[in-house]
Asks: 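Sharing a structure with you now.
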Amino acid sequence: MLVNLQEVLSYAEKNQCAIGSFNTPNLECIMAILQNAETYQIPVIIAHAQVHENVMPLETIGPVMVLCAKRAKVPVCVHLDHGESLDYIEKALELGFTSVMYDGSRLSFEKNVENTQIAVKMARKYGAGIEAEIGVMGSSIESTEGTKGEKGIYTDPEIAGKFVEMTKVDALAASFGTVHGIYAERPRLDFQRIESIKDITKTPLVMHGGSGLSREDYTTAIAKGIRKVNYYTYMSREAVLAAKELINKQEGILFHDIALAAVKAMKEDSEKAIKVFYKIH
Ligand code: 13P
């Protein structure tokens with residue numbers, strides 16, 4: 001069933017866990033995630049990032065995501081990830097998305113607040129939830145998001161507090177050491193910062209660049225206040241490895257064989273993440 005961001009976040013708060021938010025720029029990703037969600041009977045978020053517009057247009061994948069969410073036997077939130085323009089956010093809301101992220105993190109504080117306030121009004125009109133970002137998330141060399149090699153700017157807890165008070169967002173993406181894409185080296189996360197931001201904002205926090213971390217890092221981050229983990233790169237890489245293996249091993253395969261192998265690999269990878277995020281033993 002289709003639900004909004006507030007509903008899945010209240011599940012996370014109640015269960016002191018994090019909701020997995022998985023980027024789904026194709027049907028294979030959607031299938032992998034929803035199969036796991038139904039197996040474990042958990043609420044999930046499927047997300048489309050504006051930066052994936054050239055991979056898959058919002059107008060094509062958006063209605064598919066909404067339909068799959070409606071048909072699912074578990075609560076599914078359909079989210080716009082890193083919406084950088086208000087027009088794009090409006091388009092997602094019109095398509096039935098139940099959550100949107102406005103990313104004005106590269107703008108001045110004042111402009112970020114101003115645009116986020118507009119995005120909040122837009123989301124509320126549709127009964128959707130809203131996430132925004134303060135501080136800049138870094139991007140590794142092999143990232144489809146942000147500017148490649150970009151260094152992050154850690155979120156200042158005081159500024160985050162002011163931002164949340166002025167915008168009243170449902171969730172806040174904060175920067176504390178994770179990066180989008182493949183980690184070139186093991187990241188060192190600033191857990192104290194997560195705790196301080198959580199104390200001041202009293203708002204569910206979002207971890208971007210959420211794939212590729214250790215079990216301990218996830219568990220500590222969740223204990224400090226992370227309630228949504230954005231996950232994509234490492235799951236997608238597993239699909240590529242599975243496809244490569246199949247191509248090398250078997251003659252005469254067709255594209256649908258590769259797609260099936262990709263679903264299986266992404267399902268297995270996201271299942272491991274889900275068990276940690278939702279504390280499933
Ligand atoms: P990764 O691609 O690093 O897994 O992060 C996903 C993300 O943060 C989407 O916003």
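Because only heavy atoms are used, hydrogens play no part in the values below, and waters and symmetry mates are left out as well, while side chains stay in. The residues of the chain are indexed from 1 along the displayed sequence. Counting starts at 1 for both ligands and their atoms, in listed order.
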Asks: For ligand 1, which atoms have a heavy atom of S211 less than 4.0 angstrom away?
Replies: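 Atoms satisfying the 4.0 Å criterion: 1 (P), 3 (O), 4 (O).
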Asks: Please lay out, stage by stage, how Y232 and H52 fare under the test ring-ring contact (aromatic ring centres under 6.0 Å, His included).
Replies: CA-CA 12 Å; Y232 178 63; H52 284 156; 5.2 Å; yes
Asks: Quick one: pull up CD1 in I19 and CD in E7 and give me the separation to the nearest 0.5 Å.
Replies: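 Reported to 0.5 Å precision, the distance equals 11.5 Å.
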Asks: Is A49 near ligand 1, meaning one of its heavy atoms is under 4.0 Å from it?
Replies: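 Judged by the 4.0 Å heavy-atom criterion, A49 does not count as contacting ligand 1.
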Asks: Any atoms of ligand 1 less than 4.0 Å from a non-hydrogen atom of G210? List them with their elements.
Replies: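 Answer for ligand 1: 5 (O).
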Asks: Once you round to the nearest 0.5 Å, how far does CD1 of I134 lie from OG of S105?
Replies: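 One gets 8.5 Å once the value is rounded to the nearest 0.5 Å.
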Asks: Less than 4.5 Å apart, any side-chain heavy atom of M207 and any of L213?
Replies: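 Yes; the side chains approach each other to less than 4.5 Å.
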Asks: Within a distance under 4.0 Å of any heavy atom of N23, pick out the atoms of ligand 1 and give their elements.
Replies: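 That gives atoms 6 (C), 9 (C) of ligand 1.
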Asks: Which ligand 1 atoms are under 4.0 Å away from a heavy-atom of G209?
Replies: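 This gives 1 (P), 3 (O), 5 (O), 7 (C), 8 (O) as the contact atoms.
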Asks: Got an N/O contact under 3.5 Å between H208 and ligand 1?
Replies: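 Yes, at least one N or O pair falls under 3.5 Å.
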Asks: So, regarding D81 and ligand 1 (criterion: nitrogen or oxygen to nitrogen or oxygen, under 3.5 Å), is there a contact or not?
Replies: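 So ligand 1 has an N or O lying under 3.5 Å from an N or O of D81.
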Asks: Would you say the ring centroid of F277 lies under 6.0 angstrom from that of Y218?
Replies: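 Ring-ring flag for F277/Y218: true, centres closer than 6.0 Å.
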Asks: Indicate, as side chain, backbone, both or neither, the part of Y231 found under 4.0 angstrom from ligand 1 when only non-hydrogen atoms are considered.
Replies: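 Under 4.0 Å from ligand 1, Y231 contributes backbone atoms alone.
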Asks: For H180, counting its heavy atoms only, list the atoms of ligand 1 lying under 4.0 Å from any of them.
Replies: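 Checking each atom against H180, I get 3 (O), 5 (O), 7 (C), 8 (O), 10 (O).
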Asks: CG/L172 to NZ/K202 distance, rounded to the nearest 0.5 angstrom?
Replies: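 That separation rounds to 13.5 Å.
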Asks: Need the ligand 1 atom indices (1-based, order shown) with element for anything under 4.0 Å from a heavy-atom of H82.
Replies: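 Those atoms are 10 (O).
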Asks: With heavy-atom distances below 4.5 Å as the criterion, would you say the side chains of S270 and F22 are in contact?
Replies: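 In contact.
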